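Notes to accompany the following structure.
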Number of protein chains: 2
Amino acid sequence: MKTLVVKEHILKANAQAAAENRAEFSRRDITVVNLIGSPGSGKTALLERLTKHPEVRFAALEGDPETSLDAERIERAGASVVQIVTQGTCHLDAGMVHRALRELSLEGVRFLFIENVGNLVCPASFDLGETARVVIFSTTEGEEKPLKYPGAFTSARAVVLNKIDLLPHIPFSLDRAVDTLAKVVPRTPVFPLSCVTGAGFDGFVEWLMELSNRAAPRHGGARVAGRSVG
Amino acid sequence: MKTLVVKEHILKANAQAAAENRAEFSRRDITVVNLIGSPGSGKTALLERLTKHPEVRFAALEGDPETSLDAERIERAGASVVQIVTQGTCHLDAGMVHRALRELSLEGVRFLFIENVGNLVCPASFDLGETARVVIFSTTEGEEKPLKYPGAFTSARAVVLNKIDLLPHIPFSLDRAVDTLAKVVPRTPVFPLSCVTGAGFDGFVEWLMELSNRAAPRHGGARVAGRSVG
């Protein structure tokens, strides 16, 4: 019983911090993606590849239980980045993101990508104030992952299916994966792609730009209305 | 503060249940392996492959947030198995294992494999009463995983590096992975293998049999001594 109460308390505090983050992101007209996936699913590789698409001007927050290896990769690829080391904690929460934002330059960026801790379970419970969640899983993980980890998949606005370049070498059926996704998340767009070859990337970039365009007029509109009334 | 107290309380209750499990495993002369790895690292495939080695007579407990897909795979492969569906919880605990044992036939088995929830973070905090932990990660996850998830790796008695059959197709350096493991877990045996081709499997099976042999005389001895005194 006690545990449940504390969990509620934690999630309530998180929801408040997430709302503050969301307000700040909206004020600054930044589209924020919370990227959730297993260790090794290709979260950092996705961001590295995105630096080759100049229209997706982004900064990044990198979450890991230990090390700043991912932040170093993103920095080398040319984006502004801050590492959040959770010291063993299995997910990012909105407070961690809030504190890390003080260290991160968001000057001139259109997107902020928050790479969550490599984990398909716990991160799904914590709103960070993002515009949208994207879940990434890879062909090497097997077709049935959406059934086993529905929390992450059902809360995502898009699904990236990474490592399609390995399809000729592994017992993975793209058709079966797409069927499974259609059962678990029938209305969610799915982007099979390869962060190594870049195949399938354009569709995902297009979706990101639409996400940002859909968000921008709403924010912009609210500000204009505010001014005209004032 | 409250959170910390509850966490301590949870871990204390877990330690007690784990001690009871351990006593029961010892009484029944069963070597118990707690298998920890990311989603898709190959935990179920490892058990499927082990059914081809008749000396490793085993039963299995399968942990997943949802579905009984893994238990069905293991059953098809010919081992006695019970699925533990955690309903979203990110790890197994000793109480879940204790309850599942009531449903599982351990008649004539030498090993019990407990396949934990696919997660490299949370399962590392929960003793299940096992003889040994084994952590499994795959070449497709990248060489640096032991640095990022030290909790799982440092608590393991052996490391399985799966999917070596994919080495020709991916940017993964086996040498760099072995160097990284030597830094994080210098005294832990590492078994590069493929659950698809079976390459490298014999060394891991040999290690399992040694683990079981080392455990058995101790348990057996204690029983004999008890009898001779009585």
Side-chain angles (χ1 to χ4, degrees), chain A residues 2-7 9-10 13 37-42 44-45 63-70 73 85-91 117-125 137-152 162-163 165-172 184 196, chain B residues 1-7 9-10 13 37-42 44-45 64-70 73 85-91 117-125 137-152 162-163 165-172 184 196:
Chain A
K2 225 185 196 175
T3 320
L4 285 179
V5 172
V6 173
K7 196 176 171 190
H9 175 77
I10 290 170
S38 301
S41 54
T44 314
D64 266 309
E66 298 290 344
T67 86
S68 55
L69 293 168
D70 288 351
R73 283 172 62 185
V85 175
T86 66
Q87 297 183 303
T89 297
C90 50
H91 60 271
V117 174
N119 184 339
L120 265 181
V121 190
C122 317
S125 301
F137 80 122
S138 64
T139 56
T140 54
E141 294 172 48
E143 302 93 344
E144 81 297 357
K145 290 297 166 290
L147 292 168
K148 286 187 181 177
Y149 303 90
N162 188 25
K163 306 192 190 178
D165 53 298
L166 294 177
L167 284 173
H169 312 295
I170 55 174
F172 181 93
V184 180
V196 173
Chain B
M1 288 304 110
K2 224 185 194 176
T3 321
L4 285 179
V5 172
V6 173
K7 195 175 172 192
H9 175 77
I10 290 171
S38 300
S41 54
T44 315
D64 266 309
E66 297 291 346
T67 86
S68 55
L69 293 169
D70 288 352
R73 285 172 62 184
V85 175
T86 66
Q87 296 182 303
T89 297
C90 50
H91 60 270
V117 174
N119 184 338
L120 266 181
V121 190
C122 317
S125 300
F137 79 123
S138 65
T139 55
T140 54
E141 294 172 47
E143 303 93 343
E144 81 297 356
K145 290 299 167 289
L147 291 168
K148 287 188 181 178
Y149 302 90
N162 188 24
K163 308 192 188 177
D165 53 298
L166 294 177
L167 284 173
H169 313 295
I170 54 174
F172 179 93
V184 179
V196 173

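Chain A is the first sequence line, chain B the second, and so forth, proteins listed ahead of strands; every chain is numbered from 1. The structure displayed is predicted, hence computed values, not measured ones.
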Practice item. To the nearest 0.5 angstrom, please state how far the CG atom of A:L147 sits from the OG atom of B:S68. Key: 10.5 Å
Check your understanding: Minimum heavy-atom separation for B:V121 to A:P65, with atom names?
Key -> CG2-CG, 4.4 Å
Review point. Once you round to the nearest 0.5 Å, how far does CD of B:E141 lie from OG1 of A:T140?
Key: 7.5 Å
**Study point:** Heavy-atom pair count under 4.5 Å with chain B, highest-scoring of A:S38, A:G40, A:P39
**Key:** A:P39
Exercise for review: Find the one option among B:T89, B:L166, B:V117 whose heavy-atom pairs under 4.5 Å with chain A are most numerous.
Suggested key: B:L166
Review point. If only atom types and distance count, is the side chain of A:K148 paired as donor or acceptor with the main-chain N or O of B:G118 below 3.5 Å?
Key: no
Point to revise | Proximal component of B:K145, with respect to chain A [non-hydrogen, under 4.5 Å] | key: side chain
Check your understanding: Non-hydrogen atoms of chain A under 4.5 Å away: do they reach the side chain of B:P150, the backbone, both or neither?
Key -> side chain
